[in-house]
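Pasting a structure below so you can have a look.
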Amino acid sequence: MRNGAIVPYENSALAASAPTQHKPLLAWVQEIAELTQPDRIEWCDGSEAEYQRLCDLLVDKGTFTRLNPEKRPNSYYAASDPRDVARVEDRTFICSEREQDAGPTNNWKAPAEMRETFGELFAGSMRGRTMYVVPFSMGPVGSPLAACGVEITDSAYVAVSMRTMTRMGQAVLDFLGEDGEFVKAVHTLGAPLAEGQADVAWPCNETKYISHFPESREIWSYGSGYGGNALLGKKCYALRIASTMARDEGWLAEHMLVLKLTPPTVSPDVKAEPVYITAAFPSACGKTNLAMLQPTIPGWKVETIGDDIAWMRFGADGRLYAINPEFGFFGVAPGTGADTNANAVESMWGNTVFTNVALTDDGDVWWEGLTEEPPAHLTDWRGNSWTPESGTPAAHPNARFTVPASQCPIIAPEWEDPAGVPISAILFGGRRASAVPLVTESFDWQHGVFLGANVASEKTAAAEGTVGELRRDPFAMLPFCGYNMGDYFAHWVKLGREADAAKLPKIYYVNWFRKNADGKFVWPGFGENSRVLKWIVERLQGGADGVTTPIGVLPTRDALDLDGLDIDDADLELLLSVDPEIWRQEAALIPEHLERFGEHAPKELWAEYERLVERLG
């Protein structure tokens, strides 16, 4: 059969039966099948019928539990093996030809050595299983900002999740034609089945590898069925491989949300122009909440374009345009609730796969933070009976929801525009209790790159008047940059140097997490962050006041809209000021950070450091 084609591979009939005439793709599928020895091959067509059939199969296998259709229509619950619950950064490798091209922040293995290892591990690894061929597009199919991939996997969980997270199926094969370019992604659970051997609900292997070959644009993943280890379109392709593609081709693949912000209409005759903003934050810094923000200031409207990844290229007009290359949200459930992110909660009304959350007695899901009060009884993510007195979390801290982005109640109409949206501002931020003001505008693009290169969160609490120990996460890309991060900084500097400075986005650094001497957060965050976005938009339009400090331009007290906000003068002063002594301590930490990249750290960032020291006096 052509759609959802299921074909044997032991004979030359593969090409005749497959739903494509793409000879390099067919040859590669044959090669992987001969290596991994699956029982059969299934080409995914991306149809609703296929999705339902695979979900039914996963229910029959015990991987999925169908949720109460009256509460969560067409939704499922999965519990992973407790040994397979998150990305495995220590088992993630960049297999560039030269070790220096992986850089000091990545694990490196020589490609020949890694291929030899995989030759042994993948041999027969899919025996007893179906091999799914999953063609997918990162971004709208055919968009000049998009790119294609094909994932081969022996996991039906991966196949159904890839339909939610990417544009997947026959349309991609049709677009590729007979010779279109695609990234090769191979994934196996590493759990072959002998004849008659019973399967388990969540197959995986103690041995795990997630490996990237930047020169040949390949991803090989072994041993994990979980999230970013197995859905290879996400971090593996859309960031690690795509960042190297972007370096080579002159664009940006970034760990950034994309949002649309529309100011109030000032007169009935003049329509307010929307502003498009990207933002990069390390984990636990409110990224998804900002992507789906509910503004507290009257008349301002936020719409979501993407919550996690942005691909950006310069358009013919010289401006930087962004797409969200994904098709769904793969979000952390714990902490997501009506108070913190009502739009995310509303997105999950149905058609959602929940992994490692807790189950309610009436066939729904729950996790910490979903409601203020937990239910009286649950089944926890390990399958145990749970009550509020149990003393353990009901959901795993990294429990996830996988949901179509189109279900977000504030998804922007242009989220699927193949031309992308023009970016006016880029935000960076970390979780800083000390030193860093609420919002800082960079002096120019290069200074903004310097701010992004120094993104950090505090690992330890700071004593008053000092800076705590910092965990650097440059551009929030530390686990995701597919090449030497020093070269990555240089790529950002170079793109700015070659662009029209007047058309470049303005770069800002924000910090929602400042604490006062009592150890209390001084900024309310969440929807109130719209006040900072308002100041940014007004700066872009030339209207809002700012004060120049040694570290950048800060809002004046009067320029920040504080109407209706209960914040005392001392806390406001803390948010909108720069302490030169603390900043001299902060600056003193920068050389060690830049020295880590040796000769790959661009001289422009050293120049920015020296200028900072000079301004601080």
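FYI, side chains are in, hydrogens and waters are out, and symmetry mates aren't considered; it's all heavy atoms of this structure.
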Q) Counting N and O atoms only, with roles assigned by atom type, does the side chain of Thr304 sit under 3.5 Å from a partner on the main chain of Ala291, one being a donor and the other an acceptor? A) yes
(Q) Can you confirm whether the side chains of Asn529 and Trp523 place a donor and an acceptor under 3.5 Å from each other? (A) yes
Q) Between Glu458 and Arg432, does at least one N-O distance fall below 4.0 Å, as a salt bridge requires? A) yes
(Q) Taking atom CD as the centre, does Glu498 end up with more than 12 heavy-atom neighbours from other residues, nucleotides or ligands that are less than 6.0 angstrom away? (A) yes
Q) Sub-3.5 Å donor-acceptor pair from the side chain of Tyr77 to the main-chain atoms of Val357, do we have one? A) yes
Q: Taking atom types as modelled, find out whether Trp492 and Glu604 have a side-chain donor-acceptor pair closer than 3.5 angstrom.
A: no
Q: Verify, without hydrogens or angle tests, whether Gln407 (side chain) and Gly350 (backbone) share a donor-acceptor contact under 3.5 angstrom.
A: yes
Q. Just checking, any donor-acceptor pair under 3.5 angstrom between side chains of Thr340 and Asn289?
A. no
(Q) I need the single residue from Asp579, Asn516, Ile567, Asp569 that forms a side chain to side chain contact (heavy atoms under 4.5 Å, CB included) with Leu574. Which is it? (A) Asn516
Q. Do NZ/NE/NH1/NH2 and the carboxylate oxygens of Lys235 and Asp308 come within less than 4.0 Å?
A. yes
Q: Determine whether more than 12 heavy atoms belonging to other residues, nucleotides or ligands lie under 6.0 Å from atom CG of Asp566.
A: no
(Q) Quick check on side chain to side chain contact (heavy atoms under 4.5 Å, CB included): which of Asp473, Val455, Val510 does Phe281 satisfy it with? (A) Val510
Q | Presence of salt bridge, Arg611 and Glu614, under 4.0 angstrom | A | no
Q. Relative to Tyr276, does Lys260 satisfy both conditions: NZ or CZ under 6.0 angstrom from the six-membered ring centre, and within 45 degrees of the ring's axis?
A. no
Q. Is there a donor-acceptor pair under 3.5 Å between the side chain of Thr352 and the backbone N or O of Ser75?
A. no
(Q) Strictly distance-based, threshold 3.5 Å: is any side-chain N or O of Ser424 a donor or acceptor partner for the main-chain N or O of Val275? (A) no
Q: Could you tell me whether a side-chain N or O of Ser442 sits under 3.5 Å from a main-chain N or O of Ile507, the two making a donor and an acceptor?
A: yes
